[in-house]
Amino acid sequence: MRDRERRRKRRIIIGSLSGAVLLLTAAYLGMAMYFSSHFFFRTKINGWKVGGMDLKSAEEKVGKGVEDYLLTVFDREGEKHHIYGHDIACAYVPDGSVEKLLEGQKPFQWVAALFQPKSGEVPITMEYQESLISDAVAAMDCFQEGNIIEPENAEIKLGDDGYYIEPEEMGTRMLFDSVLGKVKQAVSAGDSEVSLTDEDYVNPEITKDSPVVIEAMGRIQSYENAEITYEIKDYEEKLGKEKIRSFIELGEGFQVSLKEDEIEKYVQNLASTYNTYADVRKFKTSSGDTVEIGGGDYGWILNKPSEAEQIKADLEAGKPVSREPVYAQRPFVEGKDDIGNTYIEIDYTKQHLWYYENGSLVTETDVVTGNISRNNGSPDGVFKIVYKESPAVLKGEDYESDVTYFMPFAYNVGIHDASWRNGRFGGDIYKSSGSHGCINAPLEIATILYERVKVGTPVVAFYREPVELIAENAKISNAFSYVDPEAEKEQGAEGAVQ
């Protein structure tokens with residue numbers, strides 16, 4: 001009896017346990033079946049709670065935020081511009097991402113999921129109204145003309161301290177189609193922000209780093225570096241950066257060249273400053289007084305065309321140089337006093353000649369010069385011994401004379417011996433019985449001069465009273481007292497008419 005009761009109780013217990021197991025198994029399998037089409041409890045997608053929701057409900061929940069969608073557009077300066085979802089009729093378009101999350105669940109792990117919250121992120125893919133998004137982009141502040149700064153190319157400018165590169169202005173003008181394309185792409189992907197880059201702008205064509213700018217600036221700096229220090233005794237003359245800058249021409253396309261007219265002006269100024277040819281000079285005579293004498297052909301003469309070409313060559317070389325100017329003519333000595341202390345002095349009024357070497361008188365003599373009464377007055381001015389000839393034959397329209405020594409200094413006028421004078425020199429002979437223009441000297445003096453005077457030696461010849469020289473030799477030799485007879489006639493005629 002008791003055994004039967006025990007067996008019955010055992011059957012009941014076993015049956016109950018079996019039923020419980022079957023019930024739990026059925027419940028477990030049922031829930032697993034449920035979660036094959038629903039998200040685990042405690043699941044979030046994009047921060048939204050979707051636990052227990054089926055696919056459709058979850059997608060609706062995830063897409064619920066579209067109505068508050070905001071796209072922030074960052075321009076390249078970091079400024080913000082906004083596109084609002086309601087302005088472009090945004091609507092969520094599931095792209096299968098939520099479905100993939102659901103399919104990725106393992107339904108039989110639903111019990112473990114109760115203790116381990118799940119979360120996922122999916123893109124909020126959207127659709128929008130084409131015309132509205134175009135209008136929304138066009139309405140952004142950055143596309144309003146009043147807010148747009150046009151791009152500007154880099155430039156090379158000349159300032160107080162020299163040439164410099166003015167950097168480009170990037171500007172703010174955007175490429176509408178490029179920006180619109182990026183906004184569409186961002187909206188379609190449901191992105192919350194998009195950043196614009198240089199490719200979305202109208203950019204300057206020339207920047208400070210453009211090869212054409214770097215090359216032009218390098219050429220300018222090369223010119224500026226080519227300073228010229230002129231070696232001119234007793235003077236300081238330098239062609240420095242500031243003046244060089246006035247020679248530089250910056251043309252279209254950053255073409256750098258030299259202004260030849262400005263270089264020529266500078267060379268002309270050099271010539272005006274340092275040429276001593278035919279200058280009026282103060283000269284202390286052997287008699288102890290000082291006279292003013294100009295004319296003649298002695299002195300420094302700058303070769304202007306050659307000097308201009310040399311300046312251009314120096315600038316192109318791009319290195320500092322120290323050199324003499326290019327001269328067409330050099331005097332006997334350098335420096336401000338280019339006559340120096342070796343020279344021949346002829347005082348036509350006193351009919352006397354002196355020759356000095358290194359400041360010491362070598363010889364002196366009375367002479368006979370050009371016949372004033374026959375308009376053959378000797379040329380006055382500062383000249384130089386052009387050459388020496390011995391013997392020589394002097395020829396004119398109505399004469400031919402043999403001399404032992406001839407030393408011309410003013411065209412065909414020179415110093416020579418004159419045996420026909422029979423030792424009579426000086427006084428007033430020149431006024432009525434003077435030469436055709438040459439300086440007649442005693443043979444012994446002419447000999448000394450010929451032997452000691454070098455070609456190029458200065459000859460300072462002057463009158464102490466006003467004279468008018470009209471002879472051809474005076475004209476050609478640029479005599480100080482030369483008067484053009486034709487000009488005198490014209491002035492006389494004008495005076496008569498008045």
Side-chain angles (χ1 to χ4, degrees), residues 76-77 148-175 197-275 300-330:
R76 65 181 172 190
E77 301 300 326
I148 295 175
I149 299 173
E150 297 294 344
E152 295 182 10
N153 288 332
E155 297 181 82
I156 294 178
K157 294 184 176 180
L158 178 59
D160 293 338
D161 298 324
Y163 282 93
Y164 65 96
I165 298 175
E166 180 73 37
E168 66 279 4
E169 172 62 61
M170 295 303 291
T172 60
R173 182 170 288 280
M174 298 179 185
L175 296 168
T197 61
D198 287 348
E199 66 184 8
D200 303 309
Y201 287 78
V202 177
N203 293 307
E205 296 179 0
I206 304 294
T207 72
K208 66 180 186 302
D209 298 319
S210 293
V212 67
V213 175
I214 300 300
E215 182 179 348
M217 196 63 187
R219 189 170 178 81
I220 289 171
Q221 291 172 343
S222 176
Y223 283 150
E224 290 185 345
N225 290 336
E227 295 182 308
I228 302 173
T229 300
Y230 285 100
E231 297 172 355
I232 305 174
K233 187 178 179 182
D234 297 333
Y235 294 94
E236 291 184 4
E237 179 69 34
K238 183 175 182 179
L239 177 54
K241 285 183 171 60
E242 186 173 345
K243 189 62 182 177
I244 291 172
R245 287 172 191 140
S246 69
F247 297 166
I248 297 174
E249 180 88 62
L250 183 61
E252 292 185 5
F254 294 90
Q255 293 297 312
V256 181
S257 59
L258 295 172
K259 299 177 183 176
E260 295 194 6
D261 58 335
E262 291 298 322
I263 293 176
E264 290 169 2
K265 287 179 185 178
Y266 176 75
V267 172
Q268 179 59 55
N269 184 65
L270 278 182
S272 299
T273 303
Y274 298 106
N275 279 2
W300 296 100
I301 302 178
L302 195 73
N303 188 325
K304 292 187 285 188
S306 296
E307 176 60 28
E309 289 300 318
Q310 186 60 52
I311 287 175
K312 287 188 284 186
D314 291 339
L315 295 181
E316 292 295 346
K319 295 181 180 179
V321 296
S322 180
R323 63 171 177 82
E324 284 189 336
V326 181
Y327 293 111
Q329 175 177 294
R330 307 174 67 92

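In this structure, Lys312 does not pair ionically with Glu264, as no charged nitrogen and carboxylate oxygen lie closer than 4.0 Å. Using a 4.0 Å cut-off between charged side-chain N and carboxylate O, Glu262 and Lys265 make a salt bridge.
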Note to self: Does Trp300 form a side chain to side chain contact (heavy atoms under 4.5 Å, CB included) with Arg330? I'd like the steps, not just the answer.
What the structure shows: CA-CA 5 Å; Trp300 296 100; Arg330 307 174 67 92; 4.1 Å; yes
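Between Ile311 and Ile263, the shortest heavy-atom contact is CG2-CG2, 4.1 Å. In terms of heavy-atom proximity, Tyr201 sits nearest to Met174 at OH-CE, 3.3 Å. Here the shortest heavy-atom pairing between Val326 and Ser306 reads CG1-CB, 3.6 Å. Contact record, Leu302 with Ala271: CD2-N, 3.8 Å, taken as the closest heavy-atom pair. The two atoms that bring Tyr223 and Leu315 nearest to each other are CD2-O, 3.2 Å, heavy atoms only. Taking all atoms of both residues into account, the shortest heavy-atom contact from Val202 to Pro151 is O-CG, 3.4 Å.
For the pairing with Glu224, the salt bridge (Lys or Arg N to Asp or Glu O under 4.0 Å) check across Arg219, Arg245, Lys241 returns one residue only, Arg245. Screening Glu236, Glu307, Lys238 for a side-chain hydrogen bond (donor to acceptor under 3.5 Å, both in side chains) involving Tyr230 leaves a single residue, Glu307.
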Going by atom type alone, with no hydrogens or angles, which donor-acceptor pairs under 3.5 Å involve a side-chain atom of residues 163-171 and a protein atom two or more places apart or on another chain?
from: Glu168; atom 1: OE1; to: Lys208; atom 2: N; distance (Å): 2.8
from: Glu169; atom 1: OE2; to: Gly171; atom 2: N; distance (Å): 3.3

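Side-chain contact between Val321 and Ile228: present, with at least one pair of heavy atoms (C-beta onward) separated by less than 4.5 Å. Side-chain contact between Glu150 and Ile148 is present, with at least one heavy-atom pair separated by less than 4.5 Å. Proximity of Glu260 to Phe247: side-chain heavy atoms (C-beta onward) are nowhere separated by under 4.5 Å. Side-chain contact between Ile248 and Val256 is present, with at least one heavy-atom pair separated by less than 4.5 Å.
Taking the six-membered ring where the residue is Trp, the centroids of Tyr235 and Tyr274 are separated by under 6.0 Å.
At distances below 3.5 Å, at least one donor-acceptor pair connects side-chain atoms of Asn153 with backbone N or O atoms of Glu205. Listed for the Thr207 side chain is a donor-acceptor partner under 3.5 Å among the backbone atoms of Asp209. Between the side chain of Asp198 and the backbone N or O of Asn203 there is no donor-acceptor pair closer than 3.5 Å.
Under the 3.5 Å distance criterion, with hydrogens and angles disregarded, a donor-acceptor pair is assigned to the side chains of Asp314 and Gln310.
For Ser222, the side chain to side chain contact (heavy atoms under 4.5 Å, CB included) criterion is met by no residue, not counting sequence neighbours.
The CD atom of Gln255 lies 9.0 Å from the CG atom of Leu250; values are rounded to the nearest 0.5 Å.
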